[in-house]
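Accompanying notes for the structure given below.
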Amino acid sequence: MQVVRLAYETDFDGWRRAARAMRARGVAPESALWTVDGQATLFDGADEPAPPLEAAPAGAFRVPKTFMDLAPRVILHRSDERFALLYRLLWRLQDEPDLLHIASDADVARAHHFAREVGRAAHKMKAFVRFRLASEEDDAYVAWFEPAHRVAEATAPFFARRFANMRFSILTPDTCVHWDLAELSFTPGADPADAPSEDALEEYWRTYYASIFNPARLKVGAMQKEMPKRYWRNLPEAALIPELIAQAQGRTDTMVRQAPTEPSRRVVKAAVRNSRDAPWEGQAPTSLAEVAAGVDHCRRCDLWRDATQGVPGEGPGKAKLLFVGEQPGDQEDLAGTPFVGPAGQMFDRALAEAGVPRTETYVTNAVKHFKHELRGKRRIHKTPDAGEVTACRWWLDAERRIVRPRVVVSLGATAALAVFGKATPVGKFRGQALQLPDQAQGVVTYHPSYLLRVPDEAAKAKAWAMFVADLKLAWSLAA
Ligand code: URA
């Protein structure tokens, strides 16, 4: 038995050197035992010395690029089988150069399965790492995370880019990642006790999560799939989940009935905002993330002064259908997400009736800050004026350029003004496909809150039917 000891669990370079050397010497997969330094093996004491890890003679054999793309991902899997599986594939590739294209082959299928699981673990890590303030003096943050596979090092560059101006450490049981504002470094795995568990940010996260949680769109199964329970204990906001689920129905009813809230309920926005993400004035954003950050810092008009936050659009970056509303309402201003309040409920119901999956569309507003006036403690909606609509068009145009939808639906007159650049009355233009200069087609229809306001039941039913028909038209044009 040939025992190979790699330096650490994700030592891909070590594995590659050893595998090439063993392959060149004709060591068959059954005769190779792969282990990591410090791990005992059944064969301890009886192993042959590992081959010197020099490179195999040039030209001895070549591996396809697909293998070199797959192997570094497979090696991050927690399975003890991974080194041997990769060596078996490498061994077989010499006689079966097309092996990796045979999806039904057990080794190939297993390697792809490992790579997929690793990809999922990396995605979860990017989504669920939560930083806590570790040292106010040094402005340093720390997060504890237990990834399903050994993806800490591989995802580190993402965090360095995302939180470039924040000194942080991500502690995991495998490896700890450190960013000092200039470089990434790595140290051995840590104990959960090393991560501080309580601080002010925790409360902010919870407040934020509770405010963005939309009971009307609660899908417990989907939510638990996206945020599996194993991650919950690292997430401050997860403590709220059971309670929020229990209250969901009640909150939906309340949301529909609810009058505007008091400003004192505002989200503590500083906690979840990173000023360094803002693309500064003048630079046209090239991604939806830049739009989101930029909108929140926008000073193109004065509406930001009284709003909790800028509310960017929401939806897939390449949606075929883009909806434009007027401006965030009271609930949207608190949640930071469009159409989650009473108008959003109407909108969701009409979409469902029209057979349009909201999650496949991009939903945004003509104006990104909540314009309102205070009456007592209430924040009462005020229609944005033409100057505000024009100022905010910069963001809507950026969203349209990035998403490149086939169809843009204007919900109400303010949206139509923003989309067409001139007054486009709904009564006159609704129910038809209109050409937009950027090649997209435009559909103009009612604003969902108009449907909430129609007093007469027969008129309401008629407006509802026309609204649903317009949504169906838009969806069929987009398809
Ligand atoms: N009304 C809108 O126009 N947009 C929203 O996001 C909510 C209510």
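What you see below is based on every heavy atom in this structure, not just the backbone, and it leaves out hydrogens, waters and symmetry mates. In listed order, ligands and their atoms are each counted from 1. This is a predicted model, so every value here is computed, not measured.
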Which pairs with one or both residues in [range] pass salt bridge (Lys or Arg N to Asp or Glu O under 4.0 Å), sequence neighbours excluded?
{"range": "residues 389-409", "value": "Lys368-Glu399, Arg400-Asp438"}
{"range": "residues 459-479", "value": "Arg430-Asp470"}
{"range": "residues 407-425", "value": "none"}

Requested in this report: Please work out which of the three classes, parallel, tilted or perpendicular, describes the rings of Phe347 and Phe339, given edges at 30° and 60°.
Outcome: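 The rings of Phe339 and Phe347 sit tilted, inter-plane angle from 30° to 60°.
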Query raised in the report: Is the Phe131-Phe163 ring centre distance short of 6.0 angstrom?
Result: yes
Query raised in the report: Passes side chain to side chain donor-acceptor pair (under 3.5 Å), Ser449 versus His447? Steps please.
Result: CA-CA 5 Å; Ser449 20; His447 190 280; 2.7 Å; yes
Tabulate distances under 3.5 Å between N/O atoms of ligand 1 and N/O atoms of the protein, writing both atom names on each line.
unit_1, atom_1, unit_2, atom_2, d
ligand 1, 1 (N), Gln327, O, 3.4
ligand 1, 1 (N), His447, NE2, 3.4
ligand 1, 3 (O), Glu326, N, 2.7
ligand 1, 3 (O), Gln327, N, 3.3
ligand 1, 3 (O), Gln327, O, 3.3
ligand 1, 3 (O), Asn365, OD1, 3.3
ligand 1, 3 (O), His447, NE2, 2.6
ligand 1, 4 (N), Gln327, O, 2.9
ligand 1, 4 (N), Asn365, OD1, 2.7
ligand 1, 6 (O), Phe339, N, 2.8
ligand 1, 6 (O), Asn365, ND2, 3.0

